[in-house]
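Just the heavy atoms: all of them, side chains too, but no hydrogens, waters or symmetry mates, feed the values below.
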Amino acid sequence: MPTPTALFPFFARPRLALALAALMLTAQAAGAMPSFEEVKRDFRSSDTAVLDRNGELLQRVRTDASVRRGQWTALADISPALRTAMVLSEDRRFYEHSGVDWRAVSAAAWGNLWNTRTRGASTITMQLSGLLDEDLRRGGGGRSLTQKLGQTVAAAQLERQWRKDQILEAYLNSVPFRGEIVGIDALSRTLFGKAPSGLDAREAAVAAALVRAPNARPALVAQRACEVLRAMEPQRNADCEALDMFTSAAVQRRAFDASEGIAPHAARRALRQAREGREPGQEDTPPGEAKAAAKDSGDGSVRTTLRAPLQRFALGTLQRHLRELRGRHVEDGALVVLDNATGEVLAWVGSSGPLSQAAEVDGVTAMRQPGSTLKPLLYGQAIAEQRLTAASLIEDSSAQINTASGLYIPQNYDRRFKGPVSARTALAASLNVPAVRTLVMVSPESFARGLRAAGLPLRESGDYYGYSLALGSAEVTLLSLTNAYRMLANGGRYGTTTLLAPAAPDKSKKTTTAAATAKNTPAPVLDPRAAFIVGDILSDPNARTRTFGLDSILSTRFWSAVKTGTSKDMRDNWAVGWSQRYTVGVWVGNASGASMWDVSGTSGAAPVWAEVMRFLHAREPSRAPAPPPGLVRTHIDFGAGPDGNALEAARDEWFVQGTEQPLFALANEPGAASTAAVARITAPADGTIIALDPDIPPLRQRVRFESEGRGVQWRIDGKHFARGNSAQWLPWPGRHLIELVDAGGKVVDQRRLEVRGAGVVTKSAQR
């Protein structure tokens with residue numbers, strides 16, 4: 001057999017000498033070809049697989065827009081038809097040569113000499129070497145002679161280091177097919193909508209034809225595919241006309257969606273956190289505060305804390321319920337499930353998917369008005385500050401409250417008033433007017449501070465929202481609201497949520513000691529006793545009967561505490577609650593902000609909440625929490641109302657120790673205890689900033705203090721200042737604490753003020 005050099009004309013031998021010199025230079029580079037294991041390890045899909053906590057696929061997300069590359073596919077998982085088609089099309093003697101097919105080289109050289117069209121001499125191994133080494137990669141004008149010689153050396157090197165099956169497997173996963181499509185997995189799923197293992201002979205022929213002419217017109221691809229199909233099945237007559245129609249349709253198909261799965265919003269959130277460098281446990285932490293990057297698992301996937309079976313059930317339940325509500329102008333919803341102990345996100349449904357006109361909007365993180373779902377946090381703060389007990393009577397009647405912008409007149413959901421009711425009934429039955437009266441005691445600014453401590457991202461100050469804050473006029477996210485309820489479930493202790501699964505523990509590090517664990521336990525942002533009482537109220541089916549009836553969807557066979565809420569004009573409907581182990585939050589509405597039609601707290605989000613809770617506790621019990629220290633349970637009676645009957649039935653009630661009493665009655669009854677005459681500061685507002693004017697005499701810049709209640713005294717910065725419901729104070733620069741003290745010397749209310757500017761400090765001001 002003639003050698004390759006014998007085929008070159010005499011006048012080309014100087015060029016051949018230069019080529020041989022170049023061959024010696026490229027031999028050293030070819031020796032650095034990677035191993036099969038390195039190529040497989042460094043392979044990166046254009047998609048990232050987002051997995052649940054157990055490694056089950058939740059979502060596939062396109063993360064590299066420059067190329068369309070699927071998952072690495074083992075040779076055993078590629079159809080035999082495709083393997084056969086590829087070898088027949090690209091390298092008939094693949095299993096015989098050692099990287100270079102010298103017979104094909106001779107034929108190509110002879111054809112070039114006589115201007116005869118030949119098949120070409122590049123083997124699969126040579127093509128693979130060009131795909132692995134950028135210096136050998138084909139340019140727009142083809143490969144140079146130096147590159148071709150380098151390919152020859154690299155191919156021989158690959159054949160010595162790799163097995164034939166490894167070469168073919170790497171080639172099929174690395175070869176470009178058409179446009180942005182690289183590798184057999186992306187081709188199979190994009191053009192044929194199936195895995196590589198399922199390709200038949202016709203599909204395999206089209207795939208092989210695309211390697212030779214990736215961007216050719218469909219007619220040319222079909223012509224080439226017909227030749228490959230005839231070589232594969234010589235005993236059958238290939239129907240080239242039918243293959244032409246099939247090829248034209250296939251090369252235009254894009255069945256491989258950019259993202260598919262059951263958790264698109266959670267997947268995007270997890271990928272963003274991984275890129276921003278947040279560690280697990282930093283879901284609520286701003287990106288700039290993250291400590292270290294959260295890495296993927298090394299195989300192009302990111303593992304989350306979600307549970308795939310729960311995610312699937314939650315998504316299906318939400319979509320089914322929203323279909324039932326379509327006649328009421330409802331199309332969107334969102335759901336999140338948290339683990340109480342760890343803060344791990346177990347389910348994250350951001351939208352109703354195909355039912356929504358705005359499926360890309362993530363309802364878990366969208367800002368919405370929470371309605372009455374802020375009331376548990378308000379009553380919890382009032383109980384913690386000992387402004388209320390669960391048995392305190394609050395007047396549910398028409399109220400006109402003076403505000404800076406005019407009169408505020410709150411109304412109940414049903415436009416009816418219940419008269420004097422206990423705080424337990426007011427919260428469980430979600431009465432609006434008692435909630436506003438409670439906020440008057442706490443003050444909007446103080447309540448806003450409590451909400452921020454619970455992780456709710458209020459955009460404005462409490463005074464900006466005013467008393468409507470009690471009814472949920474501020475905007476919050478479903479995630480932050482659900483986590484605030486998780487704070488109640490954890491005895492008032494706030495913690496961040498976690499979406500990224502933690503990495504495997506480093507066994508070289510010492511085990512965390514009990515002392516270190518205790519040190520990292522967050523301090524309560526709400527008195528644990530108040531959190532317990534709120535949970536006891538929200539789990540009491542009898543307390544909610546005035547609004548929801550005895551047979552309510554909110555009642556479960558296991559212990560749970562839940563609150564519903566509806567925002568103004570029925571734009572948002574919520575159900576948030578917890579069991580012993582889980583906290584579940586559900587939002588139903590329209591991403592556009594359009595109002596729903598006749599959707600109540602029990603017909604909107606509550607049925608979804610109840611179904612998810614039942615699923616969680618199908619085989620897992622939920623028991624009521626144990627009362628924390630400092631609580632007492634006392635039997636109480638209620639006085640008579642205007643109709644002569646007891647205001648509420650006698651019962652055993654929980655109290656913060658020191659606030660218990662046996663009788664709660666209207667103010668005109670002996671031994672009565674009511675919040676109607678609770679001592680409180682009415683002016684100034686908490687957080688007031690006073691600017692002193694140097695052009696006005698100091699004695700004319702006095703600040704007037706106003707209060708309600710009997711026998712009260714004023715203290716400024718811990719020092720006695722005045723007695724009575726009103727007093728005038730000559731301010732001096734600095735930050736000051738104003739306290740209202742009752743006749744027994746107990747602080748019943750307080751305000752923080754700041755005075756700015758240059759003031760005159762007199763003896764009377766220092767009293």
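For the pair Q223 and C240, the minimum side-chain heavy-atom distance is 4.5 Å or more. A 4.5 Å side-chain heavy-atom check between D47 and R68 finds at least one atom pair inside the cut-off. A 4.5 Å side-chain heavy-atom check between E360 and R268 finds at least one atom pair inside the cut-off. Inter-residue side-chain proximity for T305 and T342 is flagged as unmet; no heavy-atom pair is nearer than 4.5 Å.
Q59 places a side-chain N or O within donor-acceptor distance of the main-chain N or O of E260, the cut-off being under 3.5 Å. With hydrogens and angles disregarded, no donor-acceptor distance shorter than 3.5 Å links the side chain of R619 to the backbone of L616. The backbone N or O of S89 sits less than 3.5 Å from a side-chain atom of R224, completing a donor-acceptor pair. The backbone N or O of S352 lies less than 3.5 Å from no partner atom in the side chain of S356, so there is not a single donor-acceptor pair. Under a 3.5 Å cut-off, the side chain of Q311 and the backbone N or O of W348 do form a donor-acceptor pair. Looking at Q127, its side chain never comes within 3.5 Å of a backbone N or O of Y171 through a donor-acceptor pair. The backbone N or O of A81 sits nowhere less than 3.5 Å from a side-chain atom of D200 that would complete a donor-acceptor pair. Using modelled atom types, no side-chain atom of T498 and backbone atom of L500 make a donor-acceptor pair closer than 3.5 Å. Here the side chain of D244 pairs no donor or acceptor atom with the backbone of A222 at under 3.5 angstrom. One N or O on the side chain of D332 and one on the backbone of A591 form a donor-acceptor pair closer than 3.5 Å.
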Chi angles and distances behind the side chain to side chain contact (heavy atoms under 4.5 Å, CB included) call for T497, V336: CA-CA 11 Å; T497 57; V336 66; over 6 Å; no
Please report the C-alpha distance between V302 and L51 in whole Å, then the side-chain angles of each, then the deciding distance to 0.1 Å, and finally whether the side chain to side chain contact (heavy atoms under 4.5 Å, CB included) criterion is met. CA-CA 6 Å; V302 172; L51 312 176; over 6 Å; no
So L338 and Y582, side chain to side chain contact (heavy atoms under 4.5 Å, CB included) or not? Walk me through it. CA-CA 6 Å; L338 303 178; Y582 307 104; over 6 Å; no
Chi angles and distances behind the side chain to side chain contact (heavy atoms under 4.5 Å, CB included) call for R486, N490: CA-CA 6 Å; R486 173 177 160 254; N490 287 335; 3.7 Å; yes
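Between F615 and F313, the angle of the ring planes stays under 30°, which puts this pair in the parallel group of the 30/60° scheme.
Applying the side-chain hydrogen bond (donor to acceptor under 3.5 Å, both in side chains) test to E233 and every residue at least two apart in sequence or in another chain returns nothing. For R178, there are no side-chain hydrogen bond (donor to acceptor under 3.5 Å, both in side chains) partners at least two apart in sequence or on another chain.
Listed by first then second residue, pairs satisfying ring-ring contact (aromatic ring centres under 6.0 Å, His included) with a partner in residues 65-88 read F43-W72, not counting sequence neighbours.
Salt bridge absent: R69 and D185 never bring a charged side-chain N and a carboxylate O closer than 4.0 Å. A salt bridge links K164 with E159; the closest basic N to acidic carboxylate O contact falls under 4.0 Å. Between R312 and E56, at least one side-chain N (NZ, or NE/NH1/NH2) sits under 4.0 Å from a carboxylate O, which counts as a salt bridge. Taking a cutoff of 4.0 Å between a charged side-chain nitrogen and a carboxylate oxygen, E344 and R307 do not qualify as a salt bridge. Ion pairing of R230 with E227 is absent here, as no side-chain N (NZ or NE/NH1/NH2) approaches a carboxylate O to less than 4.0 Å.
Summarising the geometry of L199 relative to I184, their closest heavy-atom pair is CD1-CD1, 4.1 Å, with the distance given to 0.1 Å. The two residues L128 and I167 make their nearest non-hydrogen contact at CD2-O, 3.7 Å. What you find for A334 and G350 is that their closest heavy atoms are CB-O, 3.9 Å.
No donor-acceptor contact under 3.5 angstrom links the side chains of S197 and D77, judged on distance only. In summary, the side chains of T48 and T63 do present a donor paired with an acceptor at a separation below 3.5 Å, with no hydrogens or angles considered. A donor atom on one side chain and an acceptor atom on the other are not found under 3.5 Å apart for T304 and R269.
Just one of V345, I262, V50 meets the side chain to side chain contact (heavy atoms under 4.5 Å, CB included) condition when paired with L306; it is V345.
The number of heavy atoms from other shown groups lying within 6.0 Å of CZ (R320) is above 12.
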